[in-house]
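Residue numbers start at 1 and run along the sequence shown. As the structure is a computational prediction, the values presented were derived from the model and not from experiment.
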Amino acid sequence: MRSSPRRLPALLLGTALVATVLGVGTIASATTEAHTGRAATAATSVAHLGHTMAVSTQASGDDPDGDGYIPAVPQVTGVTPSTATPPTRYFHEFQANCSVTHTAPDDPIVYPGQPGKSHDHTFMGNTSTNANSTTASLSGGATTCKAPADASGYWMPSLYNGDRKILPVGPQTIYYKAGVTDYTSVRPFPKGLRFVVSNPMQSADEFRHHRGFVEGWECGDSYFNVDFPAGCPSRADVQLNIRFQAPSCWDGKYLDTPDHKSHMAYPVVKPGTNDNMCPADHPVALPMIEFKMAFPVNGDMSQVRLASGRGYSFHYDFFNAWEDRTLKALVDHCIVGGLQCDARGYDQTHPEAGATLNSDYRLP
């Protein structure tokens, strides 16, 4: 029998999900109203730029008591944020190169067990990801990631040009990096960890100043766009790109929380330095995921939109279902080892370090 900080009835949980995850109280127009943080009203849906975000009234299959908290087993205790400064290595990362699998109006984190309730998402990685996905259903599943051991689910709102859905082509770059200065303190994600990055209901200003913002929307020589640029060069080599980083500090207690965010935090600056460290209430350093997505669209961009709304509604979800040994091997070799690795765990500038995975992208 476990205890939770609080218990939420299903309807209250659903209301809290919309209010906290989507960042809304009563939204008249996401183009003019910033996130207010007010509690949601008893309404069962909120409108956002012409589409409706329905309230979730079900809990994940991984959350049998339905309180919104999924505890880690075992929980990580006795950890304090590392303040160490290891030898400087400019890179400490590896890539998960994963292709698009399918699209669907599903979200197994925000709307578990409720197919069709979300705006449309573009899924990568695990080919089975749907509204009913759980840790068990994803684990060991088929994947479009180069490493067969990565059965994780990655998804983001689908992008449209008018009524035509635009899907990224080929393997997309999902970085696993160190978000803290002490890259040697980074440990693998626990199986079943899930979270939402950014906020589909945020304002343009909130998007621009989000901790995960890297370069915004870009195409050609146009960078740092908060919304989609009006036009991009009409050349075969030009695509619409975005890079966005996830929080990488974990509370060590929960694989998910009712808002799908509060168990994770972004690093903070160590006082008196330029070093990044985890905050005291989220002391466990995990890999920092960074989406680097490329969409094959250019020219006139006036009709480009996301299923969630304007460009600044961009967000994404991650559901970890890596095979534990393989993820640990890549984290230890590439992140803790201070290397710039590809999806095999190989750094071309340090060939003497070897590769983590064999030519089939599996542990030897």
Side-chain angles (χ1 to χ4, degrees), residues 8 10-11 13-18 20-22 45 51-73 96 98-145 150-158 167 172 174 189-201 246-247 250 254-264 289 291 306-308 313-323:
L8 297 176
L11 180 58
L13 172 59
T15 304
L17 288 174
V18 173
T20 311
V21 178
L22 304 181
S45 65
H51 84 282
T52 298
M53 298 297 292
V55 170
S56 177
T57 55
Q58 284 186 230
S60 167
D62 289 328
D63 180 23
D65 66 4
D67 68 352
Y69 292 89
I70 302 176
V73 181
C98 308
S99 300
V100 170
T101 58
H102 61 288
T103 65
D106 290 354
D107 190 325
I109 296 179
V110 178
Y111 298 119
Q114 299 159 89
K117 202 164 189 177
S118 171
H119 52 246
D120 199 72
H121 283 110
T122 294
F123 292 86
M124 296 168 289
N126 197 301
T127 61
S128 72
T129 311
N130 60 32
N132 296 306
S133 292
T134 62
T135 304
S137 74
L138 294 177
S139 296
T143 180
T144 60
C145 299
D150 186 6
S152 303
Y154 308 88
W155 62 96
M156 59 191 170
S158 296
L167 301 179
Q172 298 300 293
I174 301 169
F189 290 118
K191 182 71 69 64
L193 182 76
R194 67 208 75 181
F195 51 79
V196 179
V197 182
S198 192
N199 185 341
M201 304 302 291
W250 179 44
Y254 297 103
L255 302 177
D256 197 13
T257 44
D259 65 0
H260 314 301
K261 293 185 178 184
S262 62
H263 55 308
M264 300 295 297
I289 285 183
F291 267 30
L306 292 171
S308 54
S313 71
F314 181 78
H315 58 288
Y316 61 87
D317 300 52
F318 169 66
F319 195 140
N320 176 45
W322 275 88
E323 189 273 319

Could you measure the distance from the CG atom of Asn130 to the NE2 atom of His102? Nearest 0.5 Å is fine. 6.5 Å
Identify the two heavy atoms, one from Ala96 and one from Trp322, that lie closest to each other, and give their separation to 0.1 Å. CB-CZ2, 4.4 Å
How about Trp155 and Asp107: do any of their side-chain heavy atoms sit closer than 4.5 Å? yes
Non-hydrogen atoms of Thr257 and His263 that approach each other most closely: OG1-ND1, 3.0 Å
Taking the side chain as C-beta and beyond, is there a heavy-atom pair between Thr103 and Leu167 under 4.5 Å? yes
Pro190 versus Leu255, closest heavy-atom pair with distance: CG-CD2, 3.8 Å
For a 4.5 angstrom cut-off between non-hydrogen side-chain atoms, does Ile174 reach Phe318? no
Return the set of residues passing side chain to side chain donor-acceptor pair (under 3.5 Å) with His121 (not counting sequence neighbours), or none when no residue passes. Ser118, His119
For Ser133, check side chain to side chain donor-acceptor pair (under 3.5 Å) against everything at least two apart and list the hits. none
Going by the rule side-chain contact (heavy atoms from CB on, under 4.5 Å), which residues pair with Ala151 if we only count those two or more places apart in sequence or in a different chain? Asn126, Ala321
Indicate the atoms forming the closest heavy-atom contact of Tyr254 with Pro71, along with that distance. CD2-CA, 3.7 Å
Across all chains, not counting sequence neighbours, the side chain to side chain donor-acceptor pair (under 3.5 Å) partners of Tyr154 are Asp150, Tyr176
Can you list the residues that meet the ring-ring contact (aromatic ring centres under 6.0 Å, His included) rule with Phe319, with sequence neighbours excluded? none
pair Leu138-Ser152: side-chain heavy atoms closer than 4.5 Å: no
Is there a side-chain contact between Pro258 and Tyr69, using heavy atoms and a 4.5 Å cut-off? yes
Quick one: do the Ser313 and Ser308 side chains pair a donor with an acceptor below 3.5 Å? yes
What is the minimum heavy-atom distance between Cys145 and Gly125, and which atoms define it? SG-CA, 3.6 Å
Which residues pass the side chain to side chain donor-acceptor pair (under 3.5 Å) test with Ser158, not counting sequence neighbours? Asp120, Thr122
List the atom of Ser139, the atom of Lys191, and the distance in Å for their closest heavy-atom pair. OG-CD, 3.8 Å
Any side-chain heavy-atom pair from Val110 and Val196 closer than 4.5 angstrom? yes
Kindly say whether Thr101 contributes a backbone atom to a donor-acceptor pair with the side chain of Thr144 at under 3.5 angstrom? no
Nearest 0.5 Å, please: how far is CG in Asn320 from CD1 in Ile289? 8.0 Å
Are the side chains of Met124 and Tyr316 in contact, using a 4.5 Å heavy-atom criterion? no
What is the distance from atom SG of Cys98 to atom CZ of Phe123, rounded to the nearest 0.5 Å? 14.0 Å
With a 4.5 Å cut-off on side-chain heavy atoms, are His315 and Val197 touching? no
Backbone of Pro108 reached by a side-chain donor or acceptor of Asp106 within 3.5 Å: no
What distance separates Met264 CE from Trp250 CH2, expressed to the nearest 0.5 Å? 9.0 Å
Under 3.5 Å: donor-acceptor pair, side chain of Asp63, backbone of Ile70: no
